[in-house]
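Within every chain, numbering begins at 1; the chains are lettered A, B, ... in the order of the sequence lines, protein sequences first and strands thereafter.
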Protein chains: 2
Amino acid sequence: MTLTTAEENYLKAIYHLSDGATKSVSTNDVAAEMKTKPASVSDMLRKLGDKEVIEYRKYYGVNITEEGKKLALQTIRKHRLWEVFLVEKLQFAWDEVHEVAEELEHIQSPLLIQRLDSYLNFPKFDPHGDPIPDEYGDVRARPRLALNEMEVDQSGQIVAVKDSSAAFLKYLDKVGAYIGARIKVLDKVEFDGSMEILVDQKKTLFMSKDVAANILAIQS
Amino acid sequence: MTLTTAEENYLKAIYHLSDGATKSVSTNDVAAEMKTKPASVSDMLRKLGDKEVIEYRKYYGVNITEEGKKLALQTIRKHRLWEVFLVEKLQFAWDEVHEVAEELEHIQSPLLIQRLDSYLNFPKFDPHGDPIPDEYGDVRARPRLALNEMEVDQSGQIVAVKDSSAAFLKYLDKVGAYIGARIKVLDKVEFDGSMEILVDQKKTLFMSKDVAANILAIQS
DNA sequence: AAATATTTTTAGCTATATCTAAATAAATAT
DNA sequence: ATATTTATTTAGATATAGCTAAAAATATTT
């Protein structure tokens, strides 16, 4: 099953709106997400239904099929790998990558994606901390938890931030925390919830509970 | 002036067919190059004429304009930079890059190309030895000459091969010659035209006139 | 210079992806 | 349970990019 660029974009939107293929999605929601008119969406849903990537019952919204989920995850995989490339290799900022990745994700070449993945050292998360599905569409999305929820002696890796304001990112950069950093909780003060964190097995970092609550990590 | 992907491809074809904007090009030639029908080409020529990237006189073929030349060179620049990326960074083979680069060249992001250029260290030639235009469309295509036309003590850089058969490429690889290699002519035997070449200031290479005639270099 | 051949264009059709306006189905309120 | 509102679909346009078949212009032969 091959999809056009437009179909791929719609399918991706439906996948996102359906919260990873669980709930069903309305025509209006898709129109809002895609910034098109409901009439255009109806048309596209019929097409995607014919291709059996969604289950479409007129007037009752759509559910993504297993096949559709697989295709959507492939597109998401490509998008996120390109984001990693743009940030790590071409020095793009977090907020500059989305639009370009939106174009790059539609390049058709399995070899290209395979090689890119390898070149980037098989990253598991994109620069925003979102997980990158593997080539079979599996997302090994280990549950993310805020740093303040971790216990003393637990180790993990920073994968995202809740607050992505310039001020907060600047602060993180200054203290040497970053997406991908390996961390370990050295101490947790019961009184105010502030924490002592070991970063990359060398730097020690003190942070308030407020800061810790805005940093997301996976346990390892 | 912005062009669609299809328009960009036609313009590139016209640029190539017109031998770098000199001669005029017929509808049939464009149709052959683009693998479409002359009727489709007529339509497209009218559009490109309206956008003033070509000068179109019905029944008399087209000439590319200065504006069109600039745009075509930008597309060519992007194509060739991506080819360098695919070969140097993602280990693609020479003959695997064209189709993917054909897709990548249409990504619209000046920043992306600027950064890619810098990341690749401002290459002047693509993996086939074709020159990469700069961001103003200037092609500093220093004249290429066959190795056997160079004189003793002259230095240069290998930029292309005439014979790109697998056998010849294999041979070159084996003896340590490659696109981009810096070379110097150490000796030239008058009797049979065979040559002694210094490669990258370390390896010395003996080659027959036949081989030398199939290697293209620029002088430095 | 007229006839023939070739090239190019036009006219009309198809498919994708969008739109607006009108019609219809479903959901909500009275 | 009927009326009203909201959501969705259908019908009929538009633009791009392709096609075939027929018409027209140019080029080549005789």
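- Between the side chain of B/Asp43 and the backbone N or O of B/Ala39, no donor-acceptor pair lies under 3.5 Å.
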Which atom pairs, donor and acceptor, lie under 3.5 Å between side-chain atoms of residues 75-92 of chain A and protein residues at least two apart or in another chain?
{"from": "A/Thr75", "atom 1": "OG1", "to": "A/Leu71", "atom 2": "O", "distance (Å)": "3.2"}
{"from": "A/Arg77", "atom 1": "NH1", "to": "A/Pro133", "atom 2": "O", "distance (Å)": "3.0"}
{"from": "A/Arg77", "atom 1": "NH2", "to": "A/Asp117", "atom 2": "OD2", "distance (Å)": "3.2"}
{"from": "A/Lys78", "atom 1": "NZ", "to": "A/Glu105", "atom 2": "O", "distance (Å)": "3.3"}
{"from": "A/His79", "atom 1": "ND1", "to": "A/Glu102", "atom 2": "OE1", "distance (Å)": "3.4"}
{"from": "A/His79", "atom 1": "ND1", "to": "A/Glu105", "atom 2": "OE1", "distance (Å)": "2.7"}
{"from": "A/His79", "atom 1": "NE2", "to": "A/Glu83", "atom 2": "OE2", "distance (Å)": "2.9"}
{"from": "A/His79", "atom 1": "NE2", "to": "A/His98", "atom 2": "ND1", "distance (Å)": "3.4"}
{"from": "A/Arg80", "atom 1": "NH1", "to": "A/Pro131", "atom 2": "O", "distance (Å)": "2.7"}
{"from": "A/Trp82", "atom 1": "NE1", "to": "A/Leu104", "atom 2": "O", "distance (Å)": "3.4"}
{"from": "A/Glu83", "atom 1": "OE1", "to": "A/His128", "atom 2": "ND1", "distance (Å)": "3.1"}

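- As a whole-Å value, the separation of A/Arg57 CZ from D/dT8 P is 13 Å.
- Between A/Thr27 and D/dT9, a side-chain N or O to OP1/OP2 separation shorter than 4.0 Å is present.
- Taking side-chain N and O atoms only, B/Tyr56 has no distance below 4.0 Å to OP1 or OP2 of C/dT8.
- Considering all non-hydrogen atoms of both residues, A/Gly156 and A/Met150 come closest at N-CE, 4.3 Å.
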- Message: Run the side-chain hydrogen bond (donor to acceptor under 3.5 Å, both in side chains) test on A/Ser165 and A/Asp163 for me, step by step, so that the C-alpha distance in whole Å, both residues' side-chain angles and the decisive distance to 0.1 Å come before the verdict.
- Response: CA-CA 6 Å; A/Ser165 68; A/Asp163 176 352; 3.0 Å; yes

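- Listed by first and then second residue, the side-chain hydrogen bond (donor to acceptor under 3.5 Å, both in side chains) pairs that reach into residues 49-58 of chain A are A/Glu7-A/Lys51, sequence neighbours excluded.
- In this structure, B/Leu48 atom CG and D/dT16 atom P are separated by 12 Å, rounded to whole Å.
- If you take NE2 of B/His106 and P of D/dA17, they are 11 Å apart, rounded to a whole angstrom.
- Among the nucleotides D/dA7, C/dT9, D/dT10, the one closest to the side chain of B/Lys58 is C/dT9.
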- Task: Go along nucleotides 14-23 of chain C 5' to 3' and tag each nucleotide: B for a protein heavy atom under 4.0 Å from its base, S when only backbone or sugar atoms are that close, - otherwise.
- Result: --SSBBBB--

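- When distances are taken from the side chain of A/Tyr60 to each of D/dT9, C/dT10, C/dA27, the shortest belongs to C/dA27.
- Proximity of a side-chain donor or acceptor of B/Gln219 to a complementary backbone N or O of B/Gln154 within less than 3.5 Å is not detected.
- Within the structure, a side-chain polar atom (N or O) of A/Asn28 is placed less than 4.0 Å from OP1 or OP2 of D/dT8.
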